[in-house]
2 protein chains.
Amino acid sequence: MAAQAGVSPSTVSRCFATPHQVRPETRARVLAAAERLGYRPSRIARSLALGRTGTLGLIVPDIANPFFAVIAKAVQARARRKDYAVFLADTDEHPDDEYELALTLARQVDGLLVVAPRMDGDRLGEIVRQVPSVVVNRSVSGVPSVVAPSEDGLRQAVAHLHALGHAHLALILGARNSWSSEKRGQAVRRAAQQLGVAVTEFGPHEPKFHTGAQVADLALAAGATAIVAHNDLMALGILARLAERGVRVPDDVSVVGADDTLLATTASPALTSVRIPLDALGRQAVDLLLHRLDQPESPPRETVLPSELIVRRSTGPAPRTGPAP
Amino acid sequence: MAAQAGVSPSTVSRCFATPHQVRPETRARVLAAAERLGYRPSRIARSLALGRTGTLGLIVPDIANPFFAVIAKAVQARARRKDYAVFLADTDEHPDDEYELALTLARQVDGLLVVAPRMDGDRLGEIVRQVPSVVVNRSVSGVPSVVAPSEDGLRQAVAHLHALGHAHLALILGARNSWSSEKRGQAVRRAAQQLGVAVTEFGPHEPKFHTGAQVADLALAAGATAIVAHNDLMALGILARLAERGVRVPDDVSVVGADDTLLATTASPALTSVRIPLDALGRQAVDLLLHRLDQPESPPRETVLPSELIVRRSTGPAPRTGPAP
DNA sequence: TTGAAAGCGATACCAA
DNA sequence: TTGGTATCGCTTTCAA
């Protein structure tokens, strides 16, 4: 390539890295040759020389889960705008793989974005020590992170239901060991207690559609008039089972989901849900990571994003109990 | 590192590449040192030396779309099993970016998986010439590809509706220029004609929820008793609008989706949908690509996977027309 | 079985 | 403004 343009490799390099450092006419010749040969500098070689790869790693538990997919998309978009590519690793919910993958990725990326709600803290710490990282949707002390605690939104949800006259709600927990499930449970309990709303808890459960369907009957039997599910998927399972039994939503029972994924907006009735700003989460995570790459000594920061209740058609006034007047 | 183990770099390299070529006791010493230092060979340097990266590129239009996310997941899993990492590029539905990205990726991966329903054929050809590639869910002559034509499933869908007594169906098309949308339209038209079912077409439309909602009214006004949507998302929009209008599904109108995504199974009523084996699509694509990497001279092959109708609760007997007896 | 040395394709420093 | 050269970390002949 250098030969083709009649210049040295150094000059070719400069043409791409610092174009203004080379005489316009030489540059033109080089670029012409590049065009002719379809030449593109090798990122690999460049990485080796520079010690930087121009790549960020993203570790998610399940890319087929809309929750993570939306984060991944935001990360992608943001990273690209900053001229970074993204290495995606899907751990398929295996915490061991998560760790192994992270270590493998660590060497070939400039920084790592880790979405790993269930990985244990020590390992997470180990990873962070090896490579600049940002943890997403989870708070780990001493590690920069971006979280959108569902507290606010869930408190709003309980207040919403309370205002509608519900006095007894069912709380459907998510996976055992899930950081967010625990936080969500706490938030609902606390808010309910403050407002004098009774809570019956179910779970922990795998946050799947069919477990939602299964637990719907239990919630009904317990006498709850409103159900707050760990996430939208479980809420949809509940909706489906209620419809099957002829229980009307929201006339007989109100249902609240969380995450406000595509599932919530496309359900009928559309699901009242706690919105987590997933795209902002992804964007902020990238920004935080890049900031960290620039200034490695900056103190680990935790960025907190607000969540909020989006009221849709699946919640309504509590049904009258007792005999009709 | 080599120094730490008291051996030459060559030997260290052999320990990882061809362990059996080194005396067990030396190997042990090297591995011990590696363990102690937390040493991992640099994939970057290795790529440069080998001319292979151990990485596959995956280009998708929208990773937040469950359809592509499921493919991506399957690709990930399969690639990892074969010791390949995956570079993910989300083009956000911009065909120009798709092309640019593909060219960028081309240099840093061993092969490319392209899911680009709307990229024009010439560019696709250009990409394929630069780097071993497999096109997914689209058929391009001279290029290895993996497709799951929805023909079979859609024919089954029309037959299903016909058997239920539907004589007039609405066909909702997807995006203009989308390869799969065209194929799907053809399939429905052809099957309907053969069975003597009337078809009213709507679209092309952006395959979104709200366009589905919008077109539901038109389909109803046209007198169709069954609606076949381009995909599940549009079908859900239709379901939502029908529910809003008090039109019962499947009593008054039957609705069929396509892709059989999570959306279809979690809808209520659950959506009858044409299943595309997305995971198999992803897996086969990886296999085909790796095969191609091994044997660059093998003729481009097109792998065809079957699609099938999954009947759920959103389809039922056609309503009686005219005055009740 | 091990070591020495060349090379992969770029960057960056120092000279010219 | 350009060219020469060492370097990044690993693989791979070729010798020892």
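Just so you know, these numbers use all the heavy atoms, side chains as well, and skip hydrogens, waters and symmetry mates. Chain letters run A, B, ... following the sequence lines, proteins first, then strands; residues in each count from 1.
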Point to revise | Residues forming a side-chain contact (heavy atoms from CB on, under 4.5 Å) with P132(A), sequence neighbours excluded | key: L289(A), L293(A)

Practice item. Name all pairs fulfilling the ring-ring contact (aromatic ring centres under 6.0 Å, His included) condition that reach into residues 84-124 of chain A, sequence neighbours left out, sorted by first residue then second. Key: F87(A)-F87(B)

Check your understanding: Among pairs that include at least one residue of residues 9-35 of chain B, which meet ring-ring contact (aromatic ring centres under 6.0 Å, His included), considering only residues two or more places apart or in two chains?
Key -> F16(B)-Y39(B)

Review point. So which of residues 31-44 of chain A are in contact with DNA chain C, with a heavy-atom cut-off of under 4.0 Å?
Key: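 Residues of residues 31-44 of chain A that come under 4.0 Å of DNA chain C are, in numerical order, Y39(A), R40(A), P41(A), S42(A).
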
Over all strands shown, is [X] touching base, sugar-phosphate only, or nothing at heavy-atom distances under 4.0 angstrom?
| X | value |
| --- | --- |
| V7(A) | sugar-phosphate |
| T26(A) | sugar-phosphate |
| S13(B) | base |

Exercise for review: Any side chain to side chain donor-acceptor pair (under 3.5 Å) involving residues 49-62 of chain A? Give me the pairs, sequence neighbours left out, ordered by first then second residue.
Suggested key: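 Sorted result for residues 49-62 of chain A: T53(A)-D110(A), D62(A)-K73(B).
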
Exercise for review: Would you mind listing every side chain to side chain donor-acceptor pair (under 3.5 Å) that reaches into residues 280-301 of chain B, with sequence neighbours excluded?
Suggested key: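 Checked against side chain to side chain donor-acceptor pair (under 3.5 Å) - neighbours excluded - the pairs reaching residues 280-301 of chain B are R78(B)-D287(B).
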
Exercise for review: Identify, between V22(B) and F16(A), the residue whose nearest nucleotide on DNA chain C lies closer to the 5' end.
Suggested key: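 Upstream on the strand: V22(B).
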
Revision key, fill the gap. Of R107(B) and R29(B), the one whose nearest nucleotide on DNA chain C sits closer to the 5' end is R29(B)

Check your understanding: Could you give the start and end, 5' to 3', of the contact zone on DNA chain C for chain B, using atoms under 4.0 Å from its heavy atoms?
Key -> dT1(C) to dA10(C)

Practice item. Kindly check if the number of other-residue, nucleotide or ligand heavy atoms within 6.0 Å of CZ (R40(B)) is above 12? Key: yes

Practice item. State whether the number of non-hydrogen atoms from other residues, nucleotides or ligands found under 6.0 Å of R81(A) atom CZ is greater than 12. Key: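 Atom CZ in R81(A) is not crowded, with 12 or fewer foreign heavy atoms closer than 6.0 Å.
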
**Study point:** Listed partners of F67(A) passing ring-ring contact (aromatic ring centres under 6.0 Å, His included), at least two apart
**Key:**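 None.
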
Check your understanding: For the residue pair C15(A) and V22(A), what are the closest heavy atoms and their distance?
Key ->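 In terms of heavy atoms, the two residues are closest at SG-CG1, 4.1 Å.
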
Check your understanding: For R129(B), which residues count as a salt bridge (Lys or Arg N to Asp or Glu O under 4.0 Å) partner, sequence neighbours excluded?
Key -> E126(B)

Polar atom pairs (N or O), protein with nucleotides 4-8 of chain D, under 3.5 Å:
residue	atom	partner	partner atom	Å
dG4(D)	N7	S10(A)	OG	3.2
dG4(D)	O6	S10(A)	OG	2.9
dC8(D)	O2	A49(A)	N	3.3

Study note, to complete from the structure: Taking five pairs at each terminus, the helix from dT1(C)-dA16(D) to dA16(C)-dT1(D) shows an axis bend, to 10°, of 40°

Review point. Q76(B) side chain to L88(A) main-chain N or O, any donor-acceptor pair under 3.5 Å?
Key: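 It does hold such a pair.
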
Exercise for review: Output yes when a side-chain donor or acceptor of S47(B) lies under 3.5 Å from a complementary backbone atom of R43(B), and no otherwise.
Suggested key: yes

Check your understanding: Which residue pairs satisfy the salt bridge (Lys or Arg N to Asp or Glu O under 4.0 Å) criterion with at least one member in residues 9-25 of chain B, sequence neighbours excluded?
Key -> R23(B)-E25(B)

Practice item. Verify the contact: side-chain N or O of R46(B) to OP1 or OP2 of dT11(D), cut-off strictly under 4.0 Å; return yes or no. Key: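 Yes.
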
